[in-house]
Amino acid sequence: MQAETDGAKRIQSSRRSREPIFSKGSTSRSCSIFVEVPPPTATMPETQENQRKTLEERDQMSELERIRHSTAHVLATAIAKLWPDSQFAYGPPLLEGVHGFYYDVDLEHRITPEDFEQIEAEMKKVVKENQTFERITVSRDEALALAKSGRLAALGERDVESVFKIDLLNDIPEDEEISIYKNGDFWDLCAGPHVPRTGNCKAFKVLSVASAFYKGDAANPQLQRVYGTAFKNKTQLAEHLEQVEQARQRDHRKIGKELDLFHIDEAVGQGLVLWKPNGAVVRQELQNFIGEHLDRQGYSQVFTPHIGKLDLYRTSGHFPYYADSQFPPLPEREAMKALADEGCTCGELTNQLESGEVAGFLLKPMNCPHHIKIFQSNHHSYRDLPVRLAEFGTVYRWEQSGELGGMTRVRGFTQDDAHIFCTEDQVKEEVMGCLELVKIVLGTLGMEDYRVRVGLRDPDSTKYVGDAEKWDKAEQALREAAATLGTEFAEEPGEAAFYGPKIDFVVKDVIGREWQLGTVQVDYNLPERFGLEYIGSDNASHRPVMIHRAPFGSMERFVGVLIEHFAGKFPTWLSPEQVRILPISEKFVDVAKGVYDELREAGVRVTVDDADEKVGAKIRLAQLDRIPYMLLIGAKEQESRQVSVRHRDRGDEGALGVSEFRDKVVAEIRSRSL
RNA sequence: GCUCUUGUAGCUCAGGGGUAGAGCACUUCCUUGGUAAGGAAGAGGUCACGGGUUCAAAUCCCGUCAAGAGCUCCA
């Protein structure tokens, strides 16, 4: 569920976040909501070095990490006991807040959840024996000899070598000390550190088993990865498991179904979201909300088509460089027919599309080129700037099927996109405006716990477009703009896109998970590629700067995050159904209809539950539907011309006059209160 | 994409080589009930799709499609 392209990203250990910015194929999504385009000088992939931890750094390992790492050894001990042919690879602890630990193992037997009980029982024995974790230092030759005799990551010598451990030994730098950790008969090549005794690992649970490539490389064999978690004590373990359960209950896929918000249909296609009426209300409300602020901030809303000519994307640099992350091009019918008559193969067609010999269209992977063309359709004076073009623009990207999931990883999504064309001097003010908008959005939705990251260029890299002077100026502008937020912000050198610096918001949700939402990016590249210009006060032509920004990222992802944030209990203004009227019996349905008309008239989304059920059952249903307000109407209310108000969280709130309630709820909706 | 798991009624799921099951939802009837489930009856399924094995396949095998989890923060 973690990813970043369209704004929202779960921040957690993830190979995604470690990927090189220009890796083709699986990630065009590495650092922005905007598809990365190659720099004009095409310095393509810049791989990120795997950082090896020094022994000193390992000593810093927290107590919890030590417990987890040690528990991983206990797990391996148990598995080795049950299946002596096990070949172990890595067995690290994971960061606090994430799963716990895992151990990768290659063995004939397929470990399934049914085995967990047996594994845990074996682990308990090891813990009970309270074996000492003993560290001994060995020479490289000694370690190699042990590995060759199959002694490493095993309970005794074996007929087979400890194959992965031999490979891992080769990865250890010449000058680094090599150590073996022993607990009972289980010896393992391990840098540690560990807790003193296996008795310290008493609160653990084996969670799941999955497969993983050795060293994460698809070219390597796949291993079975057994996940577990461990804590200092059983109370903390129980709390953790409870939190995981909470998160599961909040899953937007589950709630999306319960509340009838969206549907993904096999017949339509993977990763293509169908917004059902209820979900559409939430989205429309959010769009209206943003729209109001766009007006206030002087944006112009535009509409652009979902496709564009391949040449447009050649100019922008998105085709064919990122063809792997796009839907395939649509060749022109005439050209395709002519080629078919010539007996042209698919491969040839693809090549001709790429080379431009055959014309075609592309489903747009981003909105920028269209907005640029709108900008270019007029001559611009410096007096016109900034030009701010906004659109809820739907874009399509080809994600690997394994990357798809719910609303947060999709193949078609609508960005709350905008592009600002301005002078260099206007960058700071415009960025401040963007930040203000993000701040308003997050504040309104009660997502006030966030941090801000300012992505700057890596001073040692040459991948960046634009001259250093411009960058200095822009980075300074972003810093100053970020400073006006009144929130702490972190400067992150090397995190800028090649085309310009950026600011990201990382939001913490109510159960402590982090998501990347909202980004603002400065772009020097596209203005250059498209040759954008305006006439300055000096009557000479100048190049504008572009700013991309999207406070939500994408509507799909943002609504997905919101569902989980609110656990489906949207604030009244966002609720698909705001008020439900519950007549106590059929006799009061007519009165209920009167109240319905009055609320409806006032623009409230209201329904009447006229089912032949007792009011208790109606309340239960309304609660399950997370309706903010339930109005009970019976004999008393008919008499006093009132309604009895029940709130989904606050319960019975007593009786109110109908117009009194109407005014109250309308005020709540108008003010978009939480 | 790759590995594993899963796919049975609108939903949540049980079952499993020989008339297809439950609860909720739905329809009808009884009931007119005051803050999280009143009662009864009924209707609803090519058991994801396509092949194969078998006297017989929802069940076993193969393939396809789709969903879920995972795919190095280090020995």
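Just so it is clear: chains get the letters A, B, ... in the order the sequence lines come, proteins before strands, and each one is counted from 1.
- Regarding A/Arg580, its CZ atom lies at a distance of 15 Å from the P atom of B/A36, rounded to whole Å.
- Taking the C1' atom of each, B/C49 and B/C11 are spaced 22 Å apart, rounded to whole Å.
- Among the heavy atoms of the strands lying under 4.0 Å from A/Arg225 are primed sugar atoms or P, OP1, OP2 only; no base atom is included.
- Remark: the A/Ser644 side chain and the B/G34 base include a donor-acceptor N/O pair separated by less than 3.5 Å.
- Nucleotide B/U19 is shown with a syn base, its glycosidic torsion being within 90° of 0.
- In this structure, A/Tyr102 reaches the sugar-phosphate backbone alone: every heavy-atom distance under 4.0 Å involves primed, P, OP1 or OP2 atoms, never a base.
- Counted by atom type alone, A/Arg650 and A/Tyr629 present one or more donor-acceptor pairs between their side chains at under 3.5 Å.
- Across the protein-nucleic acid pair, A/Glu613 atom CD and B/C24 atom P stand 11 Å apart, rounded to whole Å.
- Under 3.5 Å, the side chains of A/Asn200 and A/Ser70 contain no donor-acceptor pair of N or O atoms.
- Distance noted for atom P between B/G68 and B/U8: 14 Å (whole Å).
- Residue contacts shown for A/Gly91 are limited to sugar-phosphate atoms, with no base heavy atom under 4.0 Å away.
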Next on the checklist: What does the B/S/- profile of nucleotides 26-31 of chain B look like, 5' to 3', with a 4.0 Å heavy-atom cutoff to protein?
Outcome noted: ----BB

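- As a whole-Å value, the separation of A/Asp609 CG from B/U32 C1' is 14 Å.
- One donor-acceptor pair, N or O on each side, does fall under 3.5 Å between the base of B/G34 and the side chain of A/Glu637.
- With P as the reference atom, B/A40 and B/A69 are 40 Å apart, rounded to whole Å.
- Contact annotation for A/Gly634: base contact, defined as any heavy-atom pair under 4.0 Å involving a base atom.
- At B/U12, one or more side-chain N or O atoms of A/Lys257 fall inside 4.0 Å of OP1 or OP2 (strictly under the cut-off).
- Side-chain N/O atoms of A/Arg253 include one lying less than 4.0 angstrom from OP1 or OP2 on B/G68.
- As the counterpart of B/G34, no nucleotide is assigned, since no Watson-Crick or G-U wobble pattern has both distances under 3.5 Å.
- Searching all strands for a Watson-Crick or G-U wobble partner of B/U19 with both distances below 3.5 Å returns nothing.
- Using a 4.0 Å cut-off between a side-chain N of Lys or Arg and a carboxylate O of Asp or Glu, A/Asp188 and A/Lys165 qualify as a salt bridge.
- Side-chain nitrogen and oxygen atoms of A/Gln270 include at least one within less than 4.0 Å of the OP1 or OP2 phosphate oxygen of B/A67.
- Using a 4.0 Å heavy-atom cutoff across all strands shown, A/Gly406 reaches sugar-phosphate atoms only and no base atom.
- Taking atom C1' in both B/U46 and B/A41, the straight-line distance is 28 Å, to the nearest Å.
- The nearest whole Å value for the distance from the CD atom in A/Gln224 to the P atom in B/G70 is 16 Å.
- In this structure, B/U5 forms a base pair with B/A67, meeting either the Watson-Crick or the G-U wobble geometry with both donor-acceptor distances under 3.5 Å.
- A gap of 16 Å separates the C1' atoms of B/G45 and B/A25, to the nearest Å.
- The same atom, C1', is picked in B/G38 and in B/G33; the two are 8 Å apart, to the nearest Å.
- The aromatic rings of A/Phe133 and A/His194 lie parallel to each other, their planes meeting at an angle below 30°, with 60° marking the opposite boundary.
- Taking only side-chain nitrogens and oxygens, A/Arg626 never comes nearer than 4.0 Å to OP1 or OP2 of B/A36.
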Next on the checklist: For A/Ser575 and A/Gln578: C-alpha separation, side-chain torsions, deciding distance, then whether side-chain hydrogen bond (donor to acceptor under 3.5 Å, both in side chains) applies.
Outcome noted: CA-CA 5 Å; A/Ser575 292; A/Gln578 296 164 321; over 6 Å; no

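- Nucleotides B/G44 and B/G21 have their C1' atoms positioned 13 Å apart, rounded to a whole Å.
- Comparing B/A67 with B/U27, their C1' atoms sit 32 Å apart, to the nearest whole Å.
- Remark: B/A57 base-pairs with no nucleotide in the shown strands. Criterion, Watson-Crick or G-U wobble with two distances under 3.5 Å.
- With a cut-off of 3.5 Å on both pairing distances, the Watson-Crick or G-U wobble partner of B/U28 is B/A40.
- Of the possible donor and acceptor atoms, one in the side chain of A/Glu120 sits under 3.5 Å from a partner among the backbone N and O of A/Val206.
- Protein atom CG of A/Leu582 is 15 Å distant from nucleotide atom C1' of B/U32, rounded to whole Å.
- Per the geometry, NZ belonging to A/Lys618 stands 13 Å off C1' belonging to B/U35, to the nearest Å.
- Looking only at atom types and distance, the side chain of A/Gln87 has no donor-acceptor partner in the side chain of A/Asp106 under 3.5 Å away.
- When each of A/Ile584 and A/Arg620 is assigned the nucleotide of RNA chain B with its nearest heavy atom, A/Ile584 is the one assigned upstream, toward the 5' end.
- Atom pair A/Asp265:CG and B/A48:P shows a separation of 16 Å (rounding to whole Å applied).
- A pairwise comparison of heavy atoms in A/Thr71 and A/Ala230 identifies OG1-CB, 3.5 Å as the closest pair.
- Both A/Ser179 and A/Asp104 sit near RNA chain B, but only A/Asp104 has its closest nucleotide nearer the 5' end.
- Counting to the nearest Å, the P atom of B/G34 and the NZ atom of A/Lys587 are 10 Å from each other.
- With both pairing distances under 3.5 Å, B/G50 is matched to B/C62 as a Watson-Crick or G-U wobble pair.
- Environment of CZ in A/Arg140: crowded, with over 12 heavy atoms of neighbouring residues, nucleotides or ligands closer than 6.0 Å.
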Solution key, residues 613-621 of chain A side-chain donor-acceptor pairs under 3.5 Å, sequence neighbours excluded:
from: A/Lys618; atom 1: NZ; to: A/Pro583; atom 2: O; distance (Å): 3.0
from: A/Lys618; atom 1: NZ; to: A/Asp609; atom 2: O; distance (Å): 3.0
from: A/Lys618; atom 1: NZ; to: A/Ala611; atom 2: O; distance (Å): 3.2

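- Note on A/Ala143: nothing from the nucleic acid sits closer than 4.0 angstrom, heavy atoms only.
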